[in-house]
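Just so we're on the same page: letters track the sequence lines, and every chain starts at 1.
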Amino acid sequence: MRYDIAVIGGGPAGYSAAFEAAARGMSVVLFEYGELGGTCLNRGCVPTKYLAHAAGRYHDAVTCGQDGISFDGVKLDHNRMVSRMNEIVGSLREGLTGELSGKGITVIKGEASVLGAGLVGCGGESFEASGILIATGSGSSKPLISGAITSDELLKLKTIPKKLHILGGGTVAVEFAEIFSMLGSSVTISVRGERILRGWDKEIAVSLSRSLKSKGVRINTGCDLTAIKCGDDETVLSAAGRLPVLPDIAGGLVEISEDGGIVADENGCTSTPGIYAAGDVLSGSLKLAHTSMEQGRRAIRHIAGENVGPEAVPVRCIYAGQEAASVGCTEAEADNAVSAKQSMLSNARTVISSGERGFVKIVADPKTHRVIGAQLMCERAGDMVPELALAIDRGLTVDEMLYSVRPHPSYSEAVTGALRNLSEKIDAL
Amino acid sequence: MSERYYSEAHIWVNGEEGILTFGITDHAQEKLGDVMFVNLPDAGDTVEAGKRFGDIESIKTVSDLIAPASGEVTEVNTALEDEPELLNEDPYSNWLIRIKADGLPGGLMSEEEYLSRKDEL
């Protein structure tokens with residue numbers, strides 16, 4: 001069988017590439033050995049955001065007395081919650097399946113291997129394709145201690161653990177700590193370093209650490225995670241990172257890096273022309289679904305011979321009670337930058353809803369006045385950050401961003417506040 | 001304990017054996033109001049005289065912390081991460097950071113001079 005594009009992996013990178021190719025009239029075959037949607041839809045982004053939403057509603061129900069609302073007794077049926085989570089995941093997966101078929105993309109359930117340039121094997125059959133995209137994603141690394149579970153298993157638990165001990169301090173650890181603490185678990189996080197979220201802006205890391213502690217989460221730092229002794233009544237989550245998952249690839253076709261991922265350039269080109277890679281399977285991958293989607297699309301544009309252009313600036317988000325988001329660089333990372341902050345304590349919408357401390361911090365180049373970074377910790381940070389990403393990608397200046405009107409009362413007004421503070425600082429230089 | 005000197009940015013400095021300690025003055029904490037968060041560098045970072053080395057957030061405002069001297073940060077008062085209100089309680093015992101520096105920089109005020117000029121700074 002002959003196709004223009006063969007995609008191995010039906011997660012965000014794979015299905016985005018398939019849609020991009022089909023939109024250009026290319027014939028596409030997509031191989032998936034598990035469930036369409038990959039980690040994101042089935043075991044990651046979607047189910048965890050559902051649990052965060054449901055846990056947040058339970059938390060609201062038990063804390064809305066200050067709004068004059070009270071209940072006789074709020075019940076929590078975790079089984080029902082997990083069923084609802086599975087319903088939502090199932091419905092999104094059905095939608096994706098229908099959309100793939102609707103666009104004429106051939107989906108084959110099976111484990112595919114790269115036999116050579118332009119040749120994929122699956123279930124004993126061979127498929128020729130001018131372009132091959134490897135998008136097989138990543139999996140949880142092995143549990144750090146015996147008896148620990150991974151996030152895949154945590155999502156399937158039928159009851160809420162009374163005690164949850166999380167090994168690791170990255171976004172997965174922090175999000176689960178927030179979710180299960182809201183659901184009533186007694187949560188402990190143990191990390192190797194001196195604080196959680198080491199790869200994040202220090203202010204976000206320290207702020208979220210404080211926020212978690214104020215909710216009763218214990219954070220132990222400077223730990224040897226392999227030597228942790230956990231109680232019999234503790235559920236232990238090993239959240240120490242994810243590793244690329246590679247399909248069978250005939251020798252010498254691609255270069256595999258020390259981190260186990262495939263080496264590719266910014267267009268997904270590997271060492272063999274016609275063989276591309278995108279998503280979590282890449283060496284040095286940020287392991288973000290939206291970045292993987294963009295990479296899948298870029299690879300197809302490159303195969304189509306189009307001018308792909310520079311990559312969009314990556315955006316990272318944490319959905320933990322309040323949200324946090326980061327795009328571009330921090331002031332500390334830039335050679336010469338100026339930053340200004342707007343506190344959410346004076347933001348009307350924030351005072352109305354949670355009254356929790358938060359901020360919008362924007363970083364600019366003092367010479368060009370262009371916005372080069374932003375770090376946010378506030379409600380809806382994940383929805384506010386795209387505006388800053390757009391500004392950075394388009395090289396907008398502080399004044400150009402200030403020109404636009406943001407509604408009142410909204411969380412996004414804090415962007416205007418931070419920009420005004422930044423403008424004053426630049427003028428004073 | 002060696003004598004404290006003051007910068008125009010309301011930072012107090014004292015030095016012992018090549019290490020300078022920075023903190024904010026009582027006047028500063030009073031003007032700030034209830035401190036909600038203190039953003040400080042990490043040990044190993046470098047601070048530059050006259051430049052921002054962190055900031056303090058209060059209910060009212062966000063104020064940059066301006067370094068009175070340059071040097072490598074040796075110690076950060078991490079107690080302020082979880083209890084920033086300590087700065088309101090006692091801004092002189094609750095220092096911010098310590099840096100490695102060769103002596104005190106010029107241009108600092110004595111306590112007497114600072115107290116007489118603090119309102120105009």
Side-chain angles (χ1 to χ4, degrees), chain A residues 193-198 200-215 217-219 221-222 330-347 350-351 355-363 366 375 377-378 414 417-418 420-422 424-425 428-429, chain B residues 7-10 22 24 28-29 31-67 70-88 94 96-99 121:
Chain A
E194 55 187 59
R195 59 177 177 258
I196 56 170
L197 300 174
R198 284 294 284 168
W200 282 76
D201 172 56
K202 182 181 178 183
E203 187 167 2
I204 290 180
V206 172
S207 300
L208 281 178
S209 174
R210 235 178 103 196
S211 170
L212 286 170
K213 284 181 196 170
S214 73
K215 291 167 187 162
V217 174
R218 270 163 309 282
I219 300 179
T221 57
T330 62
E331 188 179 351
E333 285 163 354
D335 275 332
N336 181 28
V338 59
S339 77
K341 204 165 38 160
Q342 173 63 51
S343 166
M344 298 307 277
L345 292 173
S346 53
N347 175 266
T350 304
V351 175
E356 268 195 70
R357 184 202 155 249
F359 61 87
V360 169
K361 189 161 47 174
I362 302 182
V363 187
Q375 294 81 46
M377 189 186 83
C378 56
R420 263 212 288 272
N421 293 337
L422 190 48
E424 266 174 44
K425 261 202 197 172
L429 283 175
Chain B
S7 78
E8 291 188 351
H10 305 285
F22 299 166
I24 61 164
Q29 72 78 17
K31 284 247 103 121
L32 281 166
D34 292 338
V35 175
M36 306 294 286
F37 194 85
V38 187
N39 204 13
L40 296 171
D42 281 321
D45 289 345
T46 308
V47 305
E48 223 180 294
K51 296 257 164 80
R52 184 180 161 277
F53 69 91
D55 57 70
I56 296 190
E57 235 178 82
S58 69
I59 298 244
K60 292 192 230 169
T61 187
V62 178
S63 279
D64 280 346
L65 294 163
I66 306 297
S70 307
E72 189 190 307
V73 180
T74 57
E75 238 184 304
V76 177
N77 188 353
T78 51
L80 296 175
E81 280 178 9
D82 288 336
E83 294 178 272
E85 61 276 10
L86 289 171
L87 284 179
N88 294 117
N94 294 297
L96 298 173
I97 61 170
R98 294 196 160 119
I99 68 165
L121 291 169

Review point. So what's closer than 4.5 Å to chain A heavy atoms on B:Asn39: side chain, backbone, both or neither?
Key: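 Looking at B:Asn39, just its side chain touches chain A.
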**Study point:** Atom group of B:Asp55 that falls short of 4.5 Å from chain A, counting heavy atoms
**Key:**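 Just the side chain, heavy atoms under 4.5 Å.
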Salt bridge between [X] and [Y], side-chain N to carboxylate O under 4.0 Å?
X        : Y        : answer
A:Arg210 : B:Glu81  : no
A:Arg198 : A:Glu194 : yes
B:Asp64  : A:Lys341 : no

Review point. Under a 4.5 Å heavy-atom cut-off, does chain B meet the side chain of A:Ser209, its backbone, both or neither?
Key: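 Contact with chain B is absent: no heavy atom of A:Ser209 under 4.5 Å.
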Exercise for review: May I ask you to check whether A:Ser343 and A:Arg357 show a side-chain donor-acceptor distance below 3.5 Å?
Suggested key: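 A:Ser343 vs A:Arg357: no donor-acceptor pair found between side chains.
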